[in-house]
Amino acid sequence: MRFEDLLSELNGFGRFQKMVLCINFLGRFSLGCHFLLGNFIAAIPSHHCNISSLDVDGVFENLSQEERLTVGVPAQEDGTPASCHMFSHPQFQLLINSSSSSDLPVVECQNGWHFDNSTFISTLATQWDLVCDKRALGKLTTTIFFLGVMFGAAAFGSLSAMFGRKPMLLVSYILGMGFGLCSVLSSSLLMFAVLRFFSGFTITGSVIISTVLNVEWVSIEHRKLVGVIDSLAWTFGFMGFPVIAYFIRDWRWLTVAISLPNVISIITWWWVPESARWLIVNGKADKAHYYLKKCAAMNHKKEVTARIKPEDLSKIIVTDRGSRKYSYLDLVRTPKMRRLSLLTGITWFSVATVAYGISFNITGFGLNMYLTQFVYGAIEIPAKFCIYYLLDKFGRHVTQAGSLLFVGISFIINIFIPKEKTVIRTVIAVLGKGCSATSFGTVILYTSELYPTVVRQNGMGYTSFIARFGVSVAPLILLSNDVWSYFSQVILCFLALSAAFVAYQLPETSGKCLPETIDDIEGIRKDKNGLLLQDRKMEEKDNMEKLKDNLIVQNT
């Protein structure tokens with residue numbers, strides 16, 4: 001008997017599974033907020049040089065603020081004050097003729113900057129003057145955070161495969177909240193960047209572990225529903241964060257506000273079960289039986305576990321449980337696993353880079369950044385509900401490839417729409433964001449079904465590592481717009497279309513049992529008599545054909 005058969009007897013989507021799903025749903029809200037935090041705390045408000053040094057003997061006392069800027073700061077082509085330069089001395093003649101400022105001597109800002117506080121009370125830029133030649137450092141902190149997420153995904157994927165899903169989930173919650181709160185006490189940009197790296201490193205464990213836990217506890221027919229609900233946690237985080245940021249305009253308090261919800265996750269962790277699949281594969285049948293009994297009791301199926309003893313569980317999955325430890329090297333030891341790892345890696349990199357390339361570009365369309373971010377989150381709700389229908393109608397690999405194809409098309413359309421058409425360009429971008437959300441929601445569920453139980457957490461850790469690398473380069477891709485205003489869209493379009501082709505090469509998993517061992521992927525798994533399972537299936541098929549032929553002969 002396979003584990004799926006036992007799970008179906010216990011009710012594969014009963015009260016027990018719904019409890020696990022709800023607990024993990026709450027734990028993922030804070031993660032989505034942290035992923036978007038850089039959009040707001042690293043924002044650069046309008047600014048100009050502090051010209052107080054030009055006010056010799058109080059000559060500015062009788063001038064308005066506008067007049068002070070006229071005589072102290074050169075004007076740009078659009079008429080706004082320059083951000084990085086000031087006049088070497090007051091130019092009072094400009095009060096009479098402001099058009100003759102082009103040949104006047106200018107210097108770089110001497111006494112810091114004056115920032116517009118109408119949108120933000122405090123950001124990293126205002127805290128440490130990350131403007132002009134230091135302008136890229138704010139974006140760099142976002143990249144550093146996602147580098148932490150990238151290495152954390154690999155680390156927690158391996159650690160949770162070694163020590164179990166549940167204990168490493170608690171480690172992720174506690175350390176993620178701890179480093180998040182410590183980062184607000186940073187006295188320098190370097191200290192902040194280091195703490196943001198470790199925030200990303202530790203907090204990412206919660207998403208890859210909770211995803212695997214949800215999938216491993218539900219029956220086959222409910223995996224796609226769980227995948228959709230699971231991904232909606234990100235959506236609510238993406239929608240809720242701009243609302244929180246709208247009311248909290250100080251970067252320190254905003255960081256505190258999105259880190260504290262992990263307290264709820266830590267409290268509810270006590271009700272999270274360990275993965276019974278992982279326990280069985282690792283030779284811990286007694287503990288697996290304990291959690292299966294809890295599942296049966298909660299789902300009103302006590303009679304099922306009453307007739308199953310711990311030693312019976314060892315017969316459910318035929319594998320070398322307990323005799324060896326699996327690592328990331330097992331993802332590339334065999335031919336089909338190498339191919340699977342390559343295809344999923346390319347798909348995850350492209351999906352993540354494109355998704356966050358869109359999400360980080362909230363000021364590129366000329367509309368309010370809070371509203372744009374909220375709409376980006378809101379569009380994910382119908383997009384992810386569509387996943388349920390699409391997965392059922394077209395399967396995993398068609399949905400994955402199709403959604404990426406439409407993302408690429410949306411980029412192509414926006415390249416040819418004039419920049420002054422801000423509303424139209426935003427609408428196309430939002431539709432592209434919806435398709436991107438569909439591809440992201442699909443790839444998480446899809447990948448957890450593709451990898452076998454013995455290396456599933458390693459597989460999720462590896463793909464999450466690749467994805468976070470993509471996310472970390474997304475802010476840098478957006479900086480390429482300084483070379484050509486459409487450069488980033490061309491790059492993201494190429495990635496989306498390439499990933500659509502690659503994703504279509506992945507095998508379909510809809511309606512199939514989760515693979516348990518690497519031999520399942522390679523197609524060389526044997527039964528207890530030493531016969532290849534695929535050969536046994538062919539033999540059974542041949543016997544059925546012979547039986548049909550005999551019946552036909554008898555009837556004639």
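Throughout, residue positions are numbered sequentially from 1 according to the sequence presented. Keep in mind that what you see is a predicted model, and the values were worked out from it rather than measured.
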Does [X] use its side chain to pair, donor to acceptor, with the backbone of [Y] at less than 3.5 Å?
X	Y	result
Thr123	Ala42	no
Ser436	Gly432	no
Glu216	Ala276	no
Tyr328	Ser158	yes
Ser498	Leu495	no
Ser350	Thr347	no
Ser172	Thr202	yes
Thr399	Leu390	yes
Arg135	Ile44	no
Thr372	Met369	no

Return the [atom1] to [atom2] distance between [X] and [Y], rounded to the nearest 0.5 Å.
X	Y	atom1	atom2	value
Ser510	Asp392	OG	CG	7.0 Å
His222	Ser8	NE2	OG	9.5 Å
Thr438	Ile387	OG1	CD1	5.0 Å
Leu137	Thr142	CG	OG1	11.5 Å
Gln489	Phe411	CD	CZ	6.5 Å
Trp269	Leu170	CH2	CG	4.5 Å

Does the pair Thr235 and Lys384 meet the rule for a side-chain hydrogen bond (donor to acceptor under 3.5 Å, both in side chains), with working shown? CA-CA 9 Å; Thr235 301; Lys384 289 184 176 178; 3.1 Å; yes
Answer yes or no: are there more than 12 heavy-atom neighbours, outside Phe406 itself, under 6.0 Å from its atom CZ?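 Check fails, neighbour count at 12 or below.
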ask   = Around atom CD1 of Ile264, are there more than 12 heavy atoms of other residues, nucleotides or ligands at under 6.0 Å?
value = no
Indicate the atoms forming the closest heavy-atom contact of [X] with [Y], along with that distance.
X	Y	answer
Gly205	Phe156	CA-CG, 3.6 Å
Pro273	Leu213	O-CD2, 3.6 Å
His34	Ser259	NE2-OG, 3.3 Å
Thr353	Leu492	O-CD2, 3.8 Å
Gly180	Ser199	N-OG, 3.3 Å
Glu516	Asp520	N-OD2, 2.8 Å

*With a 4.0 Å cut-off, would you call Glu274 and Lys287 a salt bridge?*
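Not counted as a salt bridge, because no side-chain N and carboxylate O are separated by less than 4.0 Å.
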Just by distance, with hydrogens left out, do [X] and [Y] show a side-chain donor and acceptor under 3.5 Å apart?
X	Y	answer
Ser210	Arg165	no
Thr344	Tyr451	yes
Asn458	Ser327	no

Would you please test Leu169 and Val272 for side chain to side chain contact (heavy atoms under 4.5 Å, CB included) and show each step? CA-CA 9 Å; Leu169 185 62; Val272 174; 4.2 Å; yes
Beyond-backbone contact of [X] with [Y], side-chain heavy atoms, under 4.5 angstrom:
X	Y	answer
Arg196	Thr141	no
Val454	Asp330	no
Leu476	Lys139	no
Gln400	Val443	yes
Val149	Phe35	yes
Leu232	Phe25	yes
Leu130	Leu189	yes
Thr204	Ser464	yes

Pair Lys393-Val398, side chain to side chain contact (heavy atoms under 4.5 Å, CB included): steps then yes or no: CA-CA 10 Å; Lys393 181 72 174 178; Val398 172; over 6 Å; no
Report task. Given ring-ring contact (aromatic ring centres under 6.0 Å, His included), test Phe192 with Trp251 step by step and report yes or no. Result -> CA-CA 12 Å; Phe192 176 79; Trp251 75 269; 5.2 Å; yes
Relative to each other, are the rings of [X] and [Y] parallel, tilted or perpendicular (30° and 60° limits)?
X	Y	result
Tyr504	His397	tilted
Phe198	Phe179	parallel
Phe465	Phe151	perpendicular

query: Below 6.0 angstrom between ring centroids: does that apply to Phe374 and Phe241?
result: no
Residue pairs meeting side-chain hydrogen bond (donor to acceptor under 3.5 Å, both in side chains), one or both in residues 441-450, sequence neighbours left out, come to Arg223-Glu449, Trp348-Thr447, Arg396-Glu449, Glu449-Thr509
Residues Met239, Ile381; criterion side chain to side chain contact (heavy atoms under 4.5 Å, CB included); working and verdict | CA-CA 10 Å; Met239 286 181 61; Ile381 295 179; 3.4 Å; yes
**Prompt:** Which residues pass the ring pair (Phe, Tyr, Trp, His ring centres under 6.0 Å) test with Phe16, sequence neighbours left out?
**Reply:**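 By the ring pair (Phe, Tyr, Trp, His ring centres under 6.0 Å) rule, Phe16 matches Trp217.
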(message) For a ring-ring contact (aromatic ring centres under 6.0 Å, His included) check, start with the C-alpha distance between Phe146 and Phe469, then their side-chain angles and the critical distance, and finish with the verdict.
(response) CA-CA 7 Å; Phe146 282 109; Phe469 175 70; over 10 Å; no
Between Leu391 and Leu445, is a side chain to side chain contact (heavy atoms under 4.5 Å, CB included) present by the stated rule, with each step listed? CA-CA 10 Å; Leu391 292 180; Leu445 171 65; 3.7 Å; yes
